[in-house]
Number of protein chains: 2
Amino acid sequence: MTRPTSRDVATAAGVSQATVSLVLGGKWPGRVSERTASHVRETATRLGYRPNLAARNLRLGSTRTALLVVPALTNEFFARVYTGAARVAAEHGFGVVLYPSPDGTGPARDPFASARAALDGVIASSMAAHALQAIGGDTLPLVMLDSDPAAAGSAAHVNLAMADGMRQVTEHLLALGHRRFLHLASAVDSWTFHARAEALSTLLGPDTELRTVRSPLTPDGARTAMQAALAAPQGRPTAIVCDDDILAAGACKAARRLGLRVPEDLSVTGFDDLALATAVEPELTTVHLPAERVGEQGMAALLAVLEGTPWTAPDIPVTLVVRDSTGPAPTP
Amino acid sequence: MTRPTSRDVATAAGVSQATVSLVLGGKWPGRVSERTASHVRETATRLGYRPNLAARNLRLGSTRTALLVVPALTNEFFARVYTGAARVAAEHGFGVVLYPSPDGTGPARDPFASARAALDGVIASSMAAHALQAIGGDTLPLVMLDSDPAAAGSAAHVNLAMADGMRQVTEHLLALGHRRFLHLASAVDSWTFHARAEALSTLLGPDTELRTVRSPLTPDGARTAMQAALAAPQGRPTAIVCDDDILAAGACKAARRLGLRVPEDLSVTGFDDLALATAVEPELTTVHLPAERVGEQGMAALLAVLEGTPWTAPDIPVTLVVRDSTGPAPTP
DNA sequence: CAGCCGAGGTAATACGTATAACGTGACCAG
DNA sequence: CTGGTCACGTTATACGTATTACCTCGGCTG
């Protein structure tokens with residue numbers, strides 16, 4: 001009725017529990033004869049034996065499980081980060097369990113208890129990193145994703161080359177003749193967005209104009225923000241640099257409602273390169289962020305930390321993908 | 001150096017380990033004095049004590065952890081299912097760990113080992129349900145999502161009212177005067193899509209025309225499928241019923257490339273009501289599927305099964321959301 | 001024939017927790 | 001003064017596994 005234990009297998013096979021453990025653990029070269037080994041294996045499968053992970057974890061003192069802290073999985077970017085992390089984890093016999101930190105305000109409840117399993121380490125996305133440290137996450141090996149390198153201190157971190165991405169955006173737009181910019185920025189206050197904003201303002205020359213509007217990461221948020229910004233009496237921006245494809249899509253829509261054509265009257269760029277970017281029309285010019293690679297490197301970094309190996313890696317490169325939402329600046 | 005155990009707390013507080021366990025477990029009304037209880041609590045926090053989950057799980061014989069098997073998290077629908085399941089789980093002190101079954105072809109590797117923790121139960125989305133049973137998932141309490149009620153047998157299942165959703169779609173389109181339909185169906189061979197196809201073909205009257213084209217769930221897939229279908233010499237369909245918003249968005253795009261306006265020349269409907277549906281233009285008329293509720297009910301069903309309570313619930317209702325991608329059938 | 005060795009196993013133990021079963025005084029009733 | 005009860009804890013044990021240390025016995029060496 002109840003699940004068979006290694007001892008059940010042992011008695012059924014007429015050997016000791018230790019032998020079962022040795023055989024199934026693959027630790028029997030020279031300790032157990034081939035004959036009994038195969039007999040044990042056969043008995044185990046016959047009984048449908050599955051090792052009790054809780055017991056094994058207790059014994060080994062390690063669960064081979066990492067906690068990934070992300071704001072929201074419904075954001076495709078983080079879903080892809082998870083996918084990458086889970087893949088690398090699986091290759092090393094690790095598992096990944098998720099802790100969604102609501103609204104990027106940091107963990108609402110104790111993530112270490114919420115993860116029902118004991119944890120070997122933590123991978124935290126930028127929005128939650130410091131909040132996590134405050135809770136005491138630093139008692140566990142920690143890897144931070146897209147976090148301020150200065151604040152990260154000694155902790156391993158995996159960053160995207162956000163500033164370089166912004167450089168590619170501005171160079172593209174400047175080459176197209178744009179001089180009046182609107183930065184449609186995320187309302188979330190994380191290093192990622194801070195780094196982008198800073199890069200943008202330093203990259204633009206003195207003969208340019210830059211306004212910034214912050215908006216929640218929803219299409220509606222983008223639309224209302226845009227309406228306010230474009231309705232302003234003074235010279236309209238000709239290029240909208242958005243922190244996110246969702247914002248960019250909303251911006252395109254808002255522009256068209258105001259009678260502006262994209263990209264003829266207005267150029268729009270995004271970040272992330274979500275599936276959305278090629279689903280809308282015009283297809284978005286956007287900075288492709290290799291989200292899976294962020295997850296992969298995050299997990300790789302954690303594995304390195306767990307082994308005691310020092311871990312460093314250059315920022316993950318990002319590339320601007322030019323599509324149909326950007327064009328030459330309109331001539332007045 | 002190493003993490004403190006309950007025994008460490010006990011010696012530090014000058015009591016026995018059992019007392020620590022009782023106090024921290026909240027089982028001390030009348031067994032421990034208020035004075036020592038608070039002293040123990042204080043010592044525990046001072047030492048930064050965290051219970052070893054592996055040990056607790058072993059002792060209790062339960063991990064309060066469920067496995068959620070879904071095809072891919074990057075599909076917003078399943079990300080939302082997870083979110084709902086995780087919320088209800090958290091309310092009951094449960095955790096949810098994910099097993100992404102690649103391509104809906106079923107688990108590639110043993111999911112029970114991949115989940116590094118012992119499991120209390122499994123919630124499997126339709127695509128993987130039977131594959132899961134084949135592996136031996138039926139040794140664990142099982143809840144199936146969107147699976148064939150006939151095949152589900154005695155297992156608890158949570159289904160969306162797909163047939164009713166399709167009814168709403170067809171009624172809407174028929175009322176608009178459409179008679180020639182194209183079903184842009186998913187290439188995935190699951191009950192969900194089978195149920196929809198069957199519903200569609202039985203709901204359409206004899207004076208109508210229905211063709212079916214299957215396509216992978218990507219924008220490009222939809223585009224090529226559409227091009228083939230609309231280029232056909234015989235009478236073009238005036239309404240495209242898509243199994244998915246992604247397909248619908250692709251269909252709209254393909255139509256426009258062929259010089260057809262949506263919805264004036266061609267009506268398009270979707271399923272799911274993803275964020276995409278309101279991001280594209282025209283905004284999609286689509287069947288809203290309450291994905292979070294699927295997750296919530298799935299978890300609730302599992303909790304009921306674990307308690308031995310019989311669990312049944314009516315199909316989760318779905319509602320057609322009429323937006324801008326459907327309109328009156330063109331008059332020839 | 002004593003001694004030894006290696007092959008093939010087994011017995012014992014620890015991991016950290018939750019809980020059932022069992023003290024132990026103090027205080028009070030008889 | 002004795003027995004009982006209650007308040008407050010403690011001792012002991014089990015969960016299922018991995019691993020260390022030990023055992024046994026046949027064969028081989030000297």
Side-chain angles (χ1 to χ4, degrees), chain A residues 1-41 43-44 47-65 93 112-113 116-120, chain B residues 1-41 43-44 47-65 93 112-113 116-120:
Chain A
M1 201 72 270
T2 175
R3 242 173 59 177
T5 76
S6 66
R7 204 176 313 268
D8 295 335
V9 176
T11 53
V15 298
S16 78
Q17 179 266 334
T19 305
V20 174
S21 188
L22 285 174
V23 169
L24 268 43
K27 308 269 173 80
W28 55 278
R31 323 238 331 142
V32 179
S33 73
E34 174 61 47
R35 235 169 59 82
T36 46
S38 63
H39 176 51
V40 164
R41 272 191 295 259
T43 319
L47 296 188
Y49 168 71
R50 285 176 186 293
N52 181 322
L53 276 308
R56 174 185 303 203
N57 290 339
L58 174 57
R59 173 65 227 244
L60 295 180
S62 144
T63 58
R64 300 183 84 75
T65 299
F112 306 104
R116 303 301 308 172
L119 301 171
D120 279 3
Chain B
M1 201 73 263
T2 175
R3 242 175 57 180
T5 75
S6 65
R7 205 176 313 268
D8 295 335
V9 176
T11 53
V15 297
S16 77
Q17 180 267 334
T19 304
V20 173
S21 189
L22 285 173
V23 169
L24 267 44
K27 307 269 173 80
W28 55 279
R31 323 234 334 141
V32 178
S33 74
E34 173 61 45
R35 235 169 59 84
T36 45
S38 62
H39 176 51
V40 165
R41 273 191 296 259
T43 319
L47 297 188
Y49 168 71
R50 286 177 185 291
N52 181 323
L53 275 309
R56 173 184 300 193
N57 290 339
L58 174 58
R59 172 67 227 246
L60 295 179
S62 144
T63 57
R64 300 183 84 77
T65 298
F112 306 105
R116 304 299 312 172
L119 301 172
D120 280 2

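Here the structure is a predicted model, which is why all the values come from computation and not from measurement. In the text below, chain A, chain B and the rest are named by the order of the sequence lines, each starting its count at 1.
Whole-Å rounding puts the A/Leu58 CG to D/dT17 P distance at 12 Å. If you take CG of B/Leu24 and P of C/dG16, they are 16 Å apart, rounded to a whole angstrom. For the pair B/Leu53 CG and C/dC15 P, the computed distance is 18 Å after rounding to whole Å. Protein atom CZ of B/Arg31 is 13 Å distant from nucleotide atom C1' of D/dC6, rounded to whole Å. In this structure, A/Asn52 places its CG atom 8 Å from C1' of D/dT17, rounding to the nearest Å. Atom P of nucleotide C/dT13 and atom CG of A/Leu60 are separated by 20 Å, given to the nearest angstrom. Rounded to an integer number of Å, the gap from CZ of B/Arg50 to C1' of C/dT17 is 17 Å. Put simply, CH2 on A/Trp28 is 18 Å from C1' on C/dT10, counting in whole angstrom units.
Among the protein residues, A/Ser33 comes within range of the sugar-phosphate backbone only, with heavy atoms under 4.0 Å from sugar or phosphate atoms but none that close to a base. Using a 4.0 Å heavy-atom distance criterion, B/Thr5 is classed as a sugar-phosphate-only contact.
In the set C/dT17, D/dA18, D/dT19, the nucleotide with an atom closest to the side chain of A/Ala18 is D/dT19. If you check D/dT10, D/dT19, C/dG16 against the side chain of B/Ser16, the one that comes closest is D/dT10. The side chain of A/Arg56 sits closest to D/dT17 out of D/dA12, D/dT17, D/dT20. The side chain of A/Thr19 sits closest to C/dG9 out of C/dA14, C/dG9, C/dT19. Considering only the side chain of A/Tyr49, D/dT17 comes nearest among D/dT17, C/dT10, C/dG16.
Taking side-chain N and O atoms only, A/Lys27 has no distance below 4.0 Å to OP1 or OP2 of D/dA18. Within the 4.0 Å cut-off from OP1 or OP2 of D/dC8, not a single side-chain nitrogen or oxygen of B/Thr36 is found. For C/dT17, the OP1/OP2 oxygens have no side-chain nitrogen or oxygen of B/Ser21 closer than 4.0 Å.
Side-chain atoms of A/Leu24 and A/Tyr49, non-hydrogen and from C-beta on, do get closer than 4.5 Å to each other.
Under the 3.5 Å distance criterion, the side-chain polar atoms of A/Ser6 are left unmatched by any main-chain donor or acceptor of A/Ser21.
Here the OG1 atom belonging to A/Thr5 is positioned 9.0 Å from the CG atom belonging to A/Asn52, to the nearest 0.5 angstrom.
Residue whose closest nucleotide on DNA chain C sits further toward the 5' end, between A/Arg7 and A/Gly30: A/Gly30.
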Could you walk me through whether A/Asp120 and A/Thr65 pass side-chain contact (heavy atoms from CB on, under 4.5 Å), step by step?
CA-CA 6 Å; A/Asp120 279 3; A/Thr65 299; 5.8 Å; no
Going through the distances and angles, do A/Val15 and A/Val40 end up as a side-chain contact (heavy atoms from CB on, under 4.5 Å)?
CA-CA 8 Å; A/Val15 298; A/Val40 164; 4.0 Å; yes
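In the interface, the side chain of A/Gln17 is not paired with the base of C/dA11 through any donor and acceptor atom under 3.5 Å apart.
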